[in-house]
Amino acid sequence: MTTLHPTWCDPTHCTVPNQQAGLGARGGTHRSKLVPLNLETEARGQTGQVYAGLSQAAKARAGVFLKWIINGEIVGHLPINDAEPLAWLIADALANQRGDDQPVEHTKAPGQ
Ligand SMILES: [Zn+2]
């Protein structure tokens, strides 16, 4: 079977073979390009520049994970379903910054 890749998968980072025997035999991991976060921090004994990206094992029904990497080591990962609320907040903030979305009035006093 010819392998199909998620649209976010980057061929230079993907480890899934182009041809696979079948759904149950799929190996490798779809991987996105790594995005620099302009953040240097320490995690699991690694100090350095942080990169983020997506990954998904090629086996059937595998979830998609947001991972963050320091010095080439994966130091954390999160199912994208858990990251979705933050992703929507960021999308709203970017739309507002671009002028695609307008600020709104709150109907209650601040802090209540
Ligand atoms: Zn792929």
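These values consider heavy atoms only, across backbone and side chains, with no hydrogens, waters or symmetry-generated copies. In listed order, ligands and their atoms are each counted from 1.
His5 contributes atom ND1 as its closest N/O/S atom to the Zn ion (ligand 1). Looking at His30 and the Zn ion (ligand 1) together, the shortest N, O or S contact belongs to ND1.
When atom types are taken as modelled, the side chain of Gln56 and the backbone of Ala62 share a donor-acceptor pair closer than 3.5 angstrom. For the pair Asp10 (side chain) and Thr12 (backbone), a donor-acceptor distance under 3.5 Å is present. Here the side chain of Thr3 pairs a donor or acceptor atom with the backbone of Pro17 at under 3.5 angstrom. Remark: the backbone N or O of Ala93 is not paired with any side-chain donor or acceptor of Asp101 at under 3.5 angstrom.
One finds an angle of 100° at the Zn ion (ligand 1) between SG on Cys14 and SG on Cys9, to the nearest 10 degrees.
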